[in-house]
Amino acid sequence: MAILGIALYLAVLIGIAVPLGVYIHQALEGKLRWLGPLERLLLRAIGPASDGEQTWRQYWRSFIIFNAVGMLLTYAILRLQPYLPLREGVGLHPSAQGPLLAFNTAVSFITNTNWQNYSGETLTYFAQLALMVLQFLSPALGLVIAIVFFRALVGRRETLGNFFRDLVRCIVYIFLPLATIAAVVLLALGLPDTFAGPAIAHTLSGALQQIDRGPIAAWVAIEQLGTNGGGFFNANAADPLINPSPATNIIEILLMSILSTSLVFTFGRYAKSRKQAWVLAGVTLCLYAAGIAVVYGAMEYGNPILHGVLGISAKSMEGLEVRNGVGDTALYATATTAYTTGSVNAMMDSLPPLAGGLPLLFMMLNTVFGGKGAGMLNILMFVIITVFVAGLMVGRTPEFLGKKIERREITLATVAMLIHPILILAPTAFSLVHKIGASSILNTGLHGITEVVYAFTSAAANNGSAFAGLNGNTPFYNLSLGLVMLIGRYLSMAAMLALAGSLARKRIIPATEGTLRTDTWSFGWVYLFVVLIVGALTFFPALSLGPIAEHLVMAGGAGR
Amino acid sequence: MKSRGAEKRFRKASGRSSLWRRAMLDALIKLDPRLLWLNPVMFVVELGLFVTVLLTIWPDLFGGHYPPSQRWYDLVVAVVLLLTNLFANFAEAWAEGRGRAQAESLRRARGDTPARLVDAQGTVLRTVSSSALRKGDRVRVEAGELIPGDGEIVRGIGSVDESAITGESAPVIREAGGDFSSVVGGTRLLSDWLEVEIATNPGESFLDQMIRLVEGAKRQKTPNEIALTVLLAGLTLVFLVVVMTLEPMADYLKAPVDVATLVALLVCLIPTTIGALLSAIGIAGMDRVLRFNIIAKSGRAVEVAGDVNTLLLDKTGTITIGNRMAEAFQPVQGHILEEVRQAAVRASLADSTPEGKSIVSFAERQGEPPTDRRLLDGAQPVKFSAETRRSGLVLADGTEYFKGAGDAIIDLVTKRGGTVPEDLPGIVDAIAREGGTPLVVGVNRAILGVIYLKDVVKPGIAERFASLRRMGIRTVMITGDNPLTAATIAKEAGVDDFVAQARPEDKLRRIRSEQDEGKMVAMTGDGTNDAPALAQADLGLAMQSGTSAAKDAANMVDLDSDPTKLIELVGIGKQLLITRGTITTFSIANDVAKYFAILPAMFVGVVPQLAALNIMHLGTPHSAILSALIFNALIIPLLIPLAMRGVAWRPMSATQTLMRNVLFYGVGGLLVPFLGIKLIDLLVVATGLARI
C-alpha cells in the first residue's frame with residue numbers, strides 16, 4: 001500500500017513538474033501578463049534599478065546587497081521583537097534573541113536553510129511574519145541565480161537579465177499564487193490560521209491547557225513550497241497542528257518537491273531540448289526513488305537485534321508519529337533532504353542507521369533535485385565536470401550545449417565542488433575533538449559522529465533539517481553553523497554566477513556527430529556515475545564511521 | 001612508407017638502452033621539488049615521502065608511542081612512495097627521451113657543414129660553419145654540397161635531394177622566386193648552384209621549436225592540460241581535507257591512526273595515475289606527430305586537431321592524384337577513333353609531363369601499335385607555353401601534330417584556314433560537365449578529335465571522407481576548376497561541399513565564414529598566397545616544399561608535403577584527448593577499491609564489525625594498506641605503454657566512443673584494482689612484509 005502510494009506520488013510529481021517547468025520559463029521571460037498590475041506596482045516601487053539589463057557582476061552586486069539588507073533587517077527584528085507590534089506571541093512569553101542566536105536565525109532564513117536553534121514558540125507574531133517574508137524571498141533568490149545560469153548557457157550575450165525584475169516575476173507569478181492555493185488547501189484540511197494567540201482549553205480532567213496557534217496554514221504553505229523547512233513550532237511537521245493527517249502529509253511532500261523538479265524542465269525549455277530535461281530529471285529521479293527505497297526498507301525491516309534477541313518482529317517505530325507510520329515518514333525524510341527543505345515529521349536521530357544515513361548522503365550529494373535554484377546549480381556544476389571528463393573521452397576539448405569548457409570554467413566549477421565537502425568535514429572534525437563542539441553531543445561513539453556530521457551537512461547544503469540529539473543553541477554552534485550556511489550558499493553561488501558570466505560570452509559551436517551529446521541516456525548514466533563516485537569518495541570515510549558502521553554494529557549484534 | 005623511414009632513423013639515432021639509462025637518470029633528477037611542484041598531485045606524493053622518511057627516523061614525531069616494528073612499516077610506506085614518484089618521473093623522462101631522440105635524428109641530418117658566405121652581389125666573402133649562420137646571411141651552395149640552413153633561394157635553380165628530411169627519394173627542383181624557392185638545411189643540392197638567404201637564427205628553426213615542445217620542464221602546458229590539472233589539483237585538495245579530517249574523527253572514536261597510514265590513504269585517493277602520466281601523454285602526442293614527419297609548432301595545435309569540424313582541402317594532390325590521366329579519345333565528325341589516337345600519341349611523344357605520358361600509355365593499352373622510331377628522326381618537339389597553350393611534334397616532313405585547350409586550337413586552326421567541326425563545342429562541353437579536361441587534337445589545319453583527360457580521385461579517399469563524416473567532420477574541396485567539373489569530382493570523392501574557380505582570397509573568406517558559425521577549420525597550403533588563410537585557420541598545415549611565408553603562417557609543417565595527412569592529424573589530436581580522459585576516469589574509479597581496502601583496515605580495531613567492508617578478505621590491516629599503496633604505484637609503469645601509444649581509437653560517433661571508453665576504463669577502473677590489490681595482498685602476506 002505504501003509502495004503504491006510512493007509510486008503514485010512520483011507520477012503526480014512528474015505530471016505537475018513538466019507543465020509547471022514551462023510556466024516558470026514563461027514567468028521569468030516576461031511572457032505572462034495575468035498579474036501584470038501587481039508586477040508593475042512592485043517594479044515601480046523598486047524604481048529605476050529594475051530597468052535595463054545587468055552583467056553578471058552587476059547582477060551579483062544587486063543580489064548580494066539585497067541579501068545583506070534582508071539579513072540585517074531580520075536580525076534587528078529578532079533582537080527587538082518585544083518592542084515591535086503584534087507583540088503577543090506564538091507562545092506566552094516571547095523574548096528577544098541573543099546576538100549569536102539572532103545571527104544564526106537571520107542567516108538561516110535568508111539562505112533558505114531554516115536551521116532553527118530556537119523554537120518557534122519563543123517568537124512574536126511579528127517576528128514570525130518577518131521570517132515568513134524571507135521564506136518567500138530566499139527560494140526566489142536561489143531560483144533567479146539558476147535562471148541566470150540557464151540564460152548564460154543558451155545564448156551569446158554580455159548581460160544576463162535584471163535581478164530586481166527577475167525577483168519580482170518569481171514572487172508575483174510563482175510563489176504568491178502557488179502559496180496562496182496551497183494555504184487554502186491546507187486550511188481546508190484543518191490547519192489553523194489566526195493571530196488570536198494561544199487558545200486556552202479546559203481538559204476533561206479539569207486542567208487548563210495552553211494550545212499555541214498562529215498563521216500556520218499560510219506559513220506551512222510557503223515553508224514547504226519554498227523548500228524552506230523552518231517549523232512554525234519546534235516539532236515542525238510532527239506537530240498535529242502543522243501536519244494533522246496523511247492528506248496534509250502527502251501535500252506537504254508534494255509542495256516541497258514540486259518546484260525544484262519543475263526547474264529541470266524549465267532548463268530544458270531554455271536549452272530548447274526536452275530530451276535534455278528528461279535525461280537529467282530521469283537519472284535524478286532514479287536516485288531519489290532508490291533513496292526512498294533504502295529509507296523505507298530500513299524502517300520496514302526494523303532492528304535486527306529485536307528480531308534476533310527478543311524475537312520481536314516489528315517495524316522501526318521509534319521517533320515516528322504513529323499517525324504517519326513508516327511509509328509516510330520514510331518518504332518525508334527522503335524528500336526533505338533530497339530537496340533540502342529541512343522540515344521533518346519524525347526525529348531522524350531515532351531512525352535505523354541506514355534510514356538516517358541516506359538523508360545524510362542526499363544532503364552531501366546536494367544534487368538530488370536540491371533546493372530552489374541551488375540544487376539545479378549543483379546539478380549543472382556536476383554536469384560540467386562530467387562533460388569535461390566525458391568530453392575528453394570522445395576526443396574533443398569539452399563543450400556543453402555548444403559552449404567550450406575551458407580553464408576558467410573548470411576552475412570555477414572545481415571551486416564550487418570543493419566548497420561543500422570542506423564546509424562539512426573541516427568543522428565536523430574540529431567540533432569532534434574540541435570541547436566547545438563535543439560537549440553538545442548527546443550520544444557517544446559512532447552515533448555522536450553522525451549527529452555532528454549531520455548538523456554541518458544540513459547547514460552547508462542549506463537544508464536546515466536537524467538530526468536532533470545535538471544541542472545547537474550554543475555560541476559555538478550558532479556561530480559556526482551560521483558561517484557554514486553563509487559560505488555554503490554565497491561562495492558557491494558566486495562561483496557559479498562567475499561561471500555563468502564566462503559561459504555567456506562564449507560563442508556557440510554547432511553540434512556535429514563528433515560532439516558529445518548531453519541529451520542522451522548514456523550521458524545521463526555517466527553523469528550519475530560521476531556524481532556518485534565523486535560524492536561517495538569524498539564522504540565515504542565520514543559515512544562509514546557514522547551510519548554505515550552503526551548499521552554494521554547493529555547487524556552484527558543481531559547475530560550474537 | 002615514409003613513417004617507416006622515420007622509424008628507421010629513430011632506431012639508428014637512439015640505442016634503446018641509452019634511452020633507458022637517460023630516462024632513469026632523469027627520473028632521479030626530476031625528484032627535485034622545484035621541478036615537481038608544477039605537478040600538484042605528484043608534489044603531494046613527494047611531501048608524503050618526506051613525512052614518512054622523517055617518521056622512519058623518529059617514529060614518535062607526531063606523538064604516540066609505537067613499537068619498534070612501526071619504524072619498518074614507515075620505511076616500507078616511504079619506499080613505495082619513492083617508487084610512485086620515480087615511476088611518474090620515469091614516464092615523463094621516457095616520453096621526453098623518445099621525442100628528443102626523434103628530433104635529434106632529424107637535427108643530425110643537418111650536421112655541421114661549411115657554408116660559403118656571400119654578399120648581395122654574390123661575391124664569396126669567406127667560409128664559416130653552418131652553426132654560425134644568422135638570419136639574413138647569404139650563402140652560395142654548389143652541386144653536391146649540403147645546404148647549410150633553412151632559407152629562401154635568392155638566385156639560381158637546382159635539383160635538391162630532400163630524402164634526408166622527407167624520405168622521398170625523387171629529387172625536386174628548387175628555384176628563386178615563386179612557390180618553390182624554399183630549401184631546408186641538411187638537404188643536398190644535386191645540380192647547378194644556388195644562393196640562399198638564411199631564414200632563421202641558430203636554435204630558432206621549426207625543429208628547435210619542436211624539440212622544446214617535447215622537453216617536459218620547458219614545455220608549455222596546453223590549455224586543456226591546464227584545465228585538467230586544475231581539476232586534478234581540486235580533487236587532491238578535497239582528499240587532503242578528507243584525510244586530515246579523518247584523524248580527528250578517529251581520535252573521537254579513541255582509535256588513533258598513525259600518520260604513515262594516513263599518508264598512504266591520501267596517496268591512494270589522490271589521482272596519482274593520471275597525475276603521473278599527464279605530461280607523458282602530452283609529450284607522446286607531440287612525439288606521434290613528429291613520428292608522422294610533421295613538425296607542430298605548439299602543443300595547442302595538436303589539441304586543436306581533435307576539435308576540427310571542417311577540413312578545407314585542395315583538390316589537386318589531396319583529393320585527386322596530382323595529374324590528370326587520359327580516359328578516352330573522341331573523334332569529331334568525319335574522323336575515326338584510330339586517327340585521333342594516333343595523332344594524340346604523336347602530339348604527346350615529346351611531352352614528358354605525366355599527362356602526356358598517360359596519353360601514350362592509354363593509347364597503347366587501347367591497341368595503338370608502337371610508333372615507328374624512324375618517324376621521329378629529325379622531328380622537332382613543340383613545348384607547351386603559356387602563350388600558345390598547346391604542345392606537339394613537328395615531323396621531319398613538316399607534318400605538325402598538336403594538342404591543347406579547345407579555344408587555343410580553334411584559334412590556331414581558324415588562322416591556318418582550317419574549319420572547326422560543328423560537333424566540337426558539344427563534345428568539349430560534355431567532357432567538362434563530366435568533370436574531365438578536354439584536350440583538342442589536330443594535325444596541320446585539321447581538328448581530328450578530343451582527348452578526355454580525367455582527374456583521378458585517389459583510391460579510398462571517399463571512404464576516408466565518409467569516416468570523417470561519421471565523426472562530424474565536413475570536408476570542403478577547393479579547386480580552380482569550373483563549377484561543372486568541380487561538382488562532378490566533388491560527387492565522386494564524396495566531399496560535403498566545394499568552392500569552384502577559387503582564388504586564394506576565397507580560401508580566407510571561406511575559413512572566416514565557417515569560423516563565424518563557430519566551427520574549427522583546418523587547411524593545408526604551400527604557396528605564399530596561402531599564408532593569410534593558413535594563419536586564419538585554426539589548424540594550418542604547411543608543406544615543407546612550400547614557401548617560408550606559408551610555413552611561418554601555419555602552425556604545423558609537414559616534412560613529407562603530403563596534404564592528406566591532415567586527416568590523420570585529426571586522429572592524433574583526438575587520441576591525445578581520449579587518452580587523457582580515459583586515464584583520468586580510470587584513476588578516479590580506482591579509488592573505490594582502495595577505500596574498501598584501507599578504511600576497514602584503519603578502523604577494524606575499534607569497530608570490529610567494519611571487517612564486513614573488507615570484501616577482498618585482505619590478510620592483515622598492514623597488508624591491506626600496503627597492497628593498496630603498492631597497486632597504486634605499480635599501475636603507473638603498467639600504463640606507460642598505453643600513455644605512449646595512445647588509447648586505440650577508430651572513427652565512430654561521440655556517443656558510441658563515450659560508452660565504449662566508459663565501459664572499458666570506467667567500469668574497468670572500478671573492478672581491476674579489486675583484483676590487483678587482492679593479488680598483491682597474497683604476495684605481501686606470503687613474503688612476510690605484512691608482519692612488520
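Sequence lines set the chain letters: A, B, ... in the order given, protein chains first and strands last, and positions in each chain run from 1.
Neither the backbone nor the side chain of A:K403 comes within contact range of chain B, judged by heavy atoms closer than 4.5 Å. Heavy-atom distances place the side chain of B:M659, and not its backbone, under 4.5 Å from chain A. At a 4.5 Å heavy-atom cutoff, A:L532 makes no contact with chain B through either its backbone or its side chain. Contacts of B:L599 with chain A are made by side-chain atoms alone, with heavy-atom separations under 4.5 Å and no backbone atom involved. Residue contact with chain B, scored on non-hydrogen atoms closer than 4.5 Å, involves the backbone and the side chain of A:L446 alike. At a 4.5 Å heavy-atom cutoff, the contact between B:L231 and chain A is made by backbone and side-chain atoms alike. Of the atoms belonging to A:V394, heavy atoms from both backbone and side chain fall under 4.5 Å from chain B. At a 4.5 Å heavy-atom cutoff, A:F539 makes no contact with chain B through either its backbone or its side chain. Only the backbone of B:V308 comes within less than 4.5 Å of a heavy atom in chain A; its side chain stays farther off. If you measure heavy-atom distances from B:T655 to chain A, the contacts under 4.5 Å come from the side chain alone. The parts of A:A542 that come within reach of chain B are both its backbone and its side chain, each placing non-hydrogen atoms under 4.5 angstrom from that chain. In this structure, chain A has a heavy atom under 4.5 Å from the side chain of B:D251, while its backbone stays farther away. B:V607 touches chain A through its side chain: at least one heavy atom from C-beta onward sits under 4.5 Å away, while N, CA, C and O do not. Only the backbone of B:R469 has a heavy atom closer than 4.5 Å to any heavy atom of chain A. Interface residue B:L228: backbone and side-chain heavy atoms are both found under 4.5 Å from chain A. Of the atoms belonging to A:I533, it is side-chain heavy atoms, and not backbone ones, that fall under 4.5 Å from chain B.
Interface remark: of the candidates A:T512, A:T515, A:T414, A:L432, A:L432 forms the most heavy-atom pairs closer than 4.5 Å to chain B. Per-residue heavy-atom pair counts under 4.5 Å with chain B were compared for A:A549, A:S544, A:P510, and the maximum is reached by A:P510. When the candidates A:L418, A:I424, A:L516 are compared by the number of heavy-atom contacts under 4.5 Å with chain B, A:L418 comes out ahead. Interface check for chain B: of the options A:T538, A:V389, A:T428, the most heavy-atom pairs under 4.5 Å are formed by A:T538. With chain A as the partner, the residue from B:Q656, B:K254, B:M249 showing the most heavy-atom pairs under 4.5 Å is B:M249. When each of A:I410, A:V433, A:T397 is checked for heavy-atom pairs under 4.5 Å with chain B, A:T397 comes out on top.
Between the OG1 atom in B:T582 and the CG atom in A:L392 there is a gap of 9.0 Å [rounded to 0.5 Å]. Note: B:Q515 CD to A:R507 CZ = 7.0 Å, rounded to the nearest 0.5 Å. The line from CD of A:E399 to CG of B:D307 is 7.0 Å long, rounded to the nearest 0.5 Å. If you take CE on B:M244 and CG on A:L425, they are separated by 11.0 Å, rounding to the nearest 0.5 Å. Between the CD atom in B:Q609 and the CD1 atom in A:I548 there is a gap of 14.0 Å [rounded to 0.5 Å]. Here B:T584 contributes atom OG1 and A:F388 contributes atom CZ; the two are 8.0 Å apart, rounded to the nearest 0.5 Å.
In this structure the side chain of A:M393 reaches within 4.5 angstrom of the side chain of B:T585, judged on heavy atoms. Here the side chains of A:F529 and B:L670 are in contact, with some heavy-atom distance below 4.5 Å. The side-chain heavy atoms of A:M417 and B:L235, taken from C-beta on, include a pair separated by under 4.5 Å. In this structure the side chain of B:V241 never reaches within 4.5 angstrom of the side chain of A:P421, judged on heavy atoms. You'll find the side chain of A:L545 reaches within 4.5 Å of the side chain of B:L246, heavy atoms only.
Heavy atoms of other residues, nucleotides or ligands lying less than 6.0 angstrom from CZ of B:F664 number 12 at most. Applying the 6.0 Å contact sphere to CZ of B:R464 captures more than 12 heavy atoms from other residues, nucleotides or ligands.
With hydrogens and angles ignored, the 3.5 Å screen pairs no side-chain donor or acceptor of B:Y252 with any backbone N or O of A:I449.
With A:R396 as the fixed residue, the side chain to side chain contact (heavy atoms under 4.5 Å, CB included) test singles out one of B:N309, B:I578, B:N224: B:N309.
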For a side-chain contact (heavy atoms from CB on, under 4.5 Å) check, start with the C-alpha distance between B:V242 and A:F540, then their side-chain angles and the critical distance, and finish with the verdict.
CA-CA 9 Å; B:V242 168; A:F540 192 65; over 6 Å; no

